[in-house]
Amino acid sequence: MEKGEISDVLGEIAILLELKGDNPFKIRAYQSGQRALDTLEEELGTLIGESRLGEVKGIGKALTEKIETLFNDEPLPFYDDLLASVEPGLIEMLEIPGLGAKKIRKLHDELGVDTIGSLTRVCESGEVAKLAGFGAKSVEKILSGIQNREAYSKRHLWWIANETAQPILEGLRDLPQVARAEAAGSLRRKMETVGDLDFIAASDEPEAIMDWFVSLPDVREVSGHGKTKSSVRFESGMQADLRVVPPDQFVFALHHFTGSKDHNVAMRSRALSKGFSLSEWGLRTEDKEAMAVDTIEDEEQLFKLLDLNYIPPELREGLGEIESAEAGQLPELVQDKDLKGVFHNHTHASDGDHSIEEMTQAAQDRGWDYLGLADHSKASFQTNGLDEARVEEQIEKMHAVNASGQFKCHVFTGIECDILKDGSLDLDDSTLEKLDYVVVSVHSSFTLSEEEMTQRFIKAIEHPCSTMVGHLTGRLLLKREPYLVNIEKVVDAAIANRVIIEMNAHPQRLDMDWRHWKRAASKGLLTSVNPDAHSVFGLQYASAGINACRKGWLTADSVFNTWPIEKIKSYLAGR
DNA sequence: GCCGTTTTCGGCCCGACTGTTTTCAGTCG
């Protein structure tokens, strides 16, 4: 079984145990085991082969055995029995807001509910309302939850979530009662997808702010409206929570609700070791006496109090950031303003919307010194990919733009060349050699085995004309799973051949995933933040790529397109 | 089921909100 499937099984075990009413801490152990598996820095096969899986924090003896069993495709009776003992319909019901394991069990045990369909029936028949602990409002909430189940369980691309959040944040800050306001949660941590929006505001008059929030335009329903906390659901299905706290608690609430969970757990235990108790309410001494929290005005001071350097939200994933902050070894993360240009962008020669000149002007308007264009090659027939003759024409046009003196922004001539099924490249070497750079990408035959796909990439990387690898796993967030490829082996091949692996910055790709970059960069891998823009509008996606690089602990040194143009030219010429 | 500078047992975050309750359990983050 692949790592991703094993992770799913662990998560499913946690859900099944919850529905059976098992020990909550055991359930949490499976959940944290799943997270540990998802964030492994090394290949699972390597860890198992060297009997080192049990050394991973959160994976003990029992989980090691179960993961190894699944990895070797052996039967796991513990899981099979568990699965057989719970009606599959009950798992689905957890997606309905307001229904947790205990209520679902009660519905099952007392009314025989085992599917969403039978739940609807007993809600409508009035039986649920008679059940102890349920009432008319519960029934209404359940029925509405069933109806909107699909929209409610959906996550959202960071980019879309951010576009929703920014105007709300500005609106909050404009309120006279609000002293400070921030968006927290995974949005602030710049996760590639966001479940819901979390806002934190500082004020001594929370009620007026609550009223403003629940009456925002596009609010479809108000799922909570308290004195200091409210929740709304927008027409898009996205949920947003707002908490209002007194100004002297703001920093603690912001830190707490920014998370991640793993980061908070580690911060709390660090606070305890220093004799403090840290919560969203403040930092107290262990005997619960409040300490002088009014001296803490920003997160930097909070971290300093725990003898830590400031940890940017992007790094707060419980992946060693606290240890690095303690040792003063946090990286100086790459920023938007470090970018001097971008590579891998399309024009209307293939499937882009704009001309070479329009794209160049747009790049120049963004303050960039260079723009790397790279249209599709002929195997990508559906995108009007270029054959050898059209590539040569395109090169001439790009040279003419540079020679015209019309732009300060320099155009680097490139192509996004398809990697064919056997790992060979789609265009003649003699054509590829005339280009400044070549992005090699997979756009077909997604269903090869991991071994075949890995070899396909390695062969392409070993081609002397390859400069960088495009969207390594082909994933489309929330839409298409990545294809199977051994990332560690491809990374090693790229380093050995001095090939760059791009950070495809399209908000739906962000590929290669940030989780691999800390380790890959430490081995010497270079990336390039490539917007894969198909229009002048698409160039702004570079900042989504920067977000992902920051989550991957990358400094400007590891990002090719932070380099000045002369250094880029000599690097490309030297290949 | 995991973990250990209080280490092989006993703890594991905890408070707001809701709907039901008449003092609280369940859900959620």
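Naming: A, B, ... by sequence-line order, numbering from 1 per chain.
Residues passing the side chain to side chain donor-acceptor pair (under 3.5 Å) test with W212(A): none are found, sequence neighbours excluded. By the side chain to side chain donor-acceptor pair (under 3.5 Å) test, E321(A) is found to be paired with H263(A), residues two or more places apart in sequence or in another chain being considered.
For the side-chain contact (heavy atoms from CB on, under 4.5 Å) with R550(A), the lone residue among P312(A), P331(A), P313(A) that qualifies is P312(A).
Regarding contacts with the backbone of dG26(B), every side-chain N or O of R105(A) stays at 4.0 angstrom or more from both OP1 and OP2.
The list of salt bridge (charged side-chain N to carboxylate O under 4.0 Å, His left out) pairs with a residue in residues 45-60 of chain A, not counting sequence neighbours, reads E42(A)-R52(A), E50(A)-R52(A). For the side chain to side chain donor-acceptor pair (under 3.5 Å) condition, the pairs that include at least one residue of residues 67-83 of chain A, sequence neighbours left out, are E12(A)-Y79(A).
Between D38(A) and Q34(A), the side chains place no donor N or O within less than 3.5 Å of an acceptor N or O (distance only, hydrogens not considered). Inspection of the W514(A) and E192(A) side chains reveals an N or O donor paired with an N or O acceptor under 3.5 Å.
Between K154(A) and E95(A) there is no salt bridge, since no side-chain nitrogen of the basic residue lies less than 4.0 Å from a carboxylate oxygen of the acidic one.
Counting to the nearest Å, the C1' atom of dT27(B) and the CD1 atom of I15(A) are 16 Å from each other. One can place CZ of R189(A) at 14 Å from P of dG29(B), the figure rounded to the nearest angstrom. Atom CD of Q31(A) and atom P of dC13(B) are 12 Å apart (whole Å). Taking atom CD1 of residue I142(A) and atom P of nucleotide dG26(B), one finds them 15 Å apart after rounding to whole Å.
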Notebook entry, point to check: How does each nucleotide of nucleotides 15-23 of chain B score, in 5' to 3' order, for protein heavy atoms under 4.0 Å: base (B), sugar-phosphate only (S), or none (-)?
Noted result: SSSSSS---

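Nearest-nucleotide positions on DNA chain B for H256(A) and G98(A) put H256(A) closer to the 5' end.
Relative to the six-membered ring of F257(A), R243(A) meets both conditions, a distance below 6.0 Å and an angle of at most 45° to the axis.
dG1(B) sits 23 Å from dT5(B) when the P atoms are compared, rounded to a whole Å. To the nearest whole angstrom, the two C1' atoms, one in dG10(B) and one in dG15(B), are 24 Å apart. Only the P atoms considered, dG11(B) is 14 Å distant from dT7(B), to the nearest whole Å. Distance check on atom C1': dG19(B) versus dT23(B) gives 13 Å, rounded to whole Å. Rounded to whole Å, the C1' atom of dC28(B) lies 13 Å from the corresponding atom of dC13(B). Comparing the C1' positions of dG26(B) and dT20(B) gives a spacing of 10 Å, expressed to the nearest Å.
Backbone-only contact: P97(A) has heavy atoms under 4.0 Å from sugar-phosphate atoms and none from a base.
Pairing for dT8(B) is absent, with no Watson-Crick or G-U wobble pair whose two atom distances lie under 3.5 Å.
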Atom pairs under 3.5 Å: protein N/O with N/O of nucleotides 1-3 of chain B:
residue : atom : partner : partner atom : Å
dG1(B)  : OP1  : Y30(A)  : OH           : 3.4
dG1(B)  : OP1  : K66(A)  : NZ           : 3.2
dG1(B)  : O6   : N23(A)  : ND2          : 3.1
dC2(B)  : OP1  : G60(A)  : N            : 2.8
dC2(B)  : OP1  : L63(A)  : N            : 3.1
dC2(B)  : OP2  : A62(A)  : N            : 3.4
dC3(B)  : OP1  : G58(A)  : N            : 2.4

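You'll find a donor-acceptor pair under 3.5 Å spanning the side chain of R268(A) and the base of dC13(B), going by distance alone.
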